[in-house]
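Notes for the one structure printed next.
A quick note: this is a predicted structure, and the numbers were derived from the prediction, not measured. Along the sequence shown, residues are numbered consecutively beginning with 1.
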Amino acid sequence: MKILSIDDPNDLYYPLDKETYNDPAVYYHGTSKQFSNSIEENGFHLKKMYDQTDVSNLYNAFSTPYFKTMNFDEMDFQKEDLTYARGGASDSISFSGDYWYARSYSKNRGGESIEKIVKVCKWISKLPNCPFKELADKCLEKYGPIFENHIPCLYVVRLPEDEWKRFKIKKIDHDVHNNVPNESIIARIDFSREIKKWFPGHQGEPQFHWSEK
């Protein structure tokens, strides 16, 4: 497994070779470097890095009288913000066929679900007379350090043939419903904490070092 480090938060160039870029089996997974030991030892597993019971408790809190009496415009979050973390992510591992989408995803602090959990809990903890402050504080104790110490990284993975051959083209969003072994990992790319989100097509063309030759 190659390990590359990109210190410039504005570096948008594809960091690997043309053959890897054109390989239909190669997909990308943006995550937090805090999970690297587990990923590199055990591969990618369907088991999540957070307790879904915590998410369900937060989700259900929004159906209680305390939140129902609040003006919608006063609410920074709603239960729908937790839908994916609560159940949609339970039986799959997210990969992207696009390096830059996965690169942007890696900016989510601790991953998309943990970032959302922490932001929701920080908001709840500041609400006046909220009966769910204790729940929020417990979640912040669990997931706050992951959020605060986040370092973005991206894994380059060659998926099993039965995964990628189902599609005529690479899918930007591809959910894998099986564990992916660590021997499938080609490379890990470590980014700066200050990495900026960027999407080709929305903000410009993909960048390649070989295009300069």
Side-chain angles (χ1 to χ4, degrees), residues 1-50 89 92-115 145-161 163-165 167 169-176 178-213:
M1 180 187 75
K2 293 181 181 178
I3 298 178
L4 306 176
S5 181
I6 299 178
D7 297 324
D8 181 357
N10 298 307
D11 186 335
L12 299 175
Y13 283 94
Y14 184 76
L16 299 172
D17 55 78
K18 193 172 186 179
E19 289 72 26
T20 301
Y21 178 80
N22 289 325
D23 189 335
V26 169
Y27 277 76
Y28 309 91
H29 180 88
T31 186
S32 176
K33 197 174 176 182
Q34 293 179 84
F35 305 137
S36 288
N37 287 342
S38 174
I39 291 171
E40 290 167 22
E41 182 176 346
N42 305 307
F44 295 89
H45 280 253
L46 296 175
K47 180 178 171 59
K48 300 304 167 187
M49 300 296 187
Y50 57 90
S92 65
I93 307 162
S94 297
F95 289 90
S96 176
D98 188 290
Y99 163 78
W100 292 274
Y101 274 81
R103 174 189 174 279
S104 293
Y105 182 88
S106 74
K107 183 175 172 58
N108 292 315
R109 299 173 70 172
E112 185 177 21
S113 294
I114 286 179
E115 180 173 88
I146 299 174
F147 177 90
E148 299 297 341
N149 297 312
H150 174 70
I151 298 175
C153 74
L154 177 151
Y155 281 93
V156 185
V157 179
R158 185 171 283 110
L159 291 180
E161 188 172 337
E163 281 291 344
W164 62 268
K165 274 208 165 180
F167 311 108
I169 59 172
K170 275 193 180 181
K171 296 188 70 178
I172 288 179
D173 296 313
H174 178 33
D175 291 334
V176 175
N178 297 289
N179 295 335
V180 177
N182 59 358
E183 55 262 30
S184 298
I185 300 172
I186 299 170
R188 187 187 83 217
I189 300 163
D190 300 331
F191 297 112
S192 161
R193 289 177 184 268
E194 292 76 31
I195 187 174
K196 307 294 191 300
K197 288 190 175 182
W198 185 85
F199 298 96
H202 296 265
Q203 298 161 294
E205 294 300 316
Q207 303 292 306
F208 306 103
H209 285 291
W210 63 77
S211 66
E212 299 175 354
K213 295 178 182 179

Holding to ring pair (Phe, Tyr, Trp, His ring centres under 6.0 Å), I want the full list of residues that pass it with F147, two or more places apart in sequence or in another chain. none

Test side-chain contact (heavy atoms from CB on, under 4.5 Å) applied to S32 and M49, step by step: CA-CA 11 Å; S32 176; M49 300 296 187; over 6 Å; no

Which pair of non-hydrogen atoms, one from I39 and one from I185, has the smallest distance, and what is that distance? CG2-CD1, 3.8 Å

Once rounded to the nearest 0.5 Å, what's the spacing between atom CD of E194 and atom CG of D7? 10.0 Å

side-chain contact (heavy atoms from CB on, under 4.5 Å) between I6 and I195, worked out: CA-CA 10 Å; I6 299 178; I195 187 174; over 6 Å; no

Taking atom CG as the centre, does N22 end up with more than 12 heavy-atom neighbours from other residues, nucleotides or ligands that are less than 6.0 angstrom away? yes

Closest non-hydrogen contact found for I114 with R109 is CG2-O, 4.1 Å

Roughly how far, to the nearest 0.5 Å, is OG of S106 from NE2 of H150? 6.0 Å

Other residues, nucleotides and ligands only: do more than 12 of their heavy atoms fall within 6.0 Å of NZ on K18? no

Any donor-acceptor pair under 3.5 Å linking the side chain of K170 with the backbone of V26? yes

So, using ring pair (Phe, Tyr, Trp, His ring centres under 6.0 Å) as the criterion, who are the partners of F35 when residues are at least two apart? none

Option among F95, Y99, Y105 that satisfies the side chain to side chain contact (heavy atoms under 4.5 Å, CB included) test with Y28: Y99

So, for E41 and N182, which heavy atoms are closest and what is the spacing to 0.1 Å? O-ND2, 3.1 Å

What pair of heavy atoms forms the shortest contact from N108 to K197, and how long is it? OD1-NZ, 3.5 Å

Could you give me the CA-CA distance, side-chain angles and deciding distance for T20 and D23, then say whether side chain to side chain donor-acceptor pair (under 3.5 Å) is met? CA-CA 5 Å; T20 301; D23 189 335; over 6 Å; no

Check: V176 and F44 side chains under 4.5 Å, non-hydrogen atoms: no

Minimum side-chain heavy-atom gap L12-K196 below 4.5 Å: no

Distance col, row M1:CE vs I186:CD1, nearest 0.5 angstrom, shows 11.5 Å

Y101 backbone acceptor or donor facing S104 side chain under 3.5 Å: no

Decide side-chain contact (heavy atoms from CB on, under 4.5 Å) for V156 and I189; before the verdict, give the C-alpha distance in whole Å, the side-chain angles of both, and the deciding distance to 0.1 Å. CA-CA 8 Å; V156 185; I189 300 163; 4.0 Å; yes

Whether W210 and Y14 hold their rings parallel, tilted or perpendicular, with breakpoints at 30° and 60°: perpendicular

Atom CZ in R158, atom CD in E183: separation rounded to 0.5 Å? 12.5 Å

Give a yes or no answer on whether the side chain of H29 reaches the backbone of S94 with a donor-acceptor pair at less than 3.5 Å. yes

For H174, give me all partners under ring pair (Phe, Tyr, Trp, His ring centres under 6.0 Å), at least two apart in sequence or on another chain. Y27, F167

How are the rings of W100 and F208 set relative to one another: parallel (under 30°), tilted (30 to 60°) or perpendicular (over 60°)? perpendicular

Measuring from atom CG of D11 to atom CD of Q207, what distance do you get when rounded to the nearest 0.5 angstrom? 9.5 Å

Closest heavy-atom pair, R188 versus S36, reported as atoms and distance to 0.1 Å, is CD-OG, 3.7 Å

NZ (K48) and OG (S92) are apart, to the nearest 0.5 Å, by 5.5 Å

For V180 and L159, the nearest pair of non-hydrogen atoms, with its separation, is CG2-CD2, 4.3 Å

Quick one: are N179 and N42 in side-chain contact, heavy atoms under 4.5 Å? no

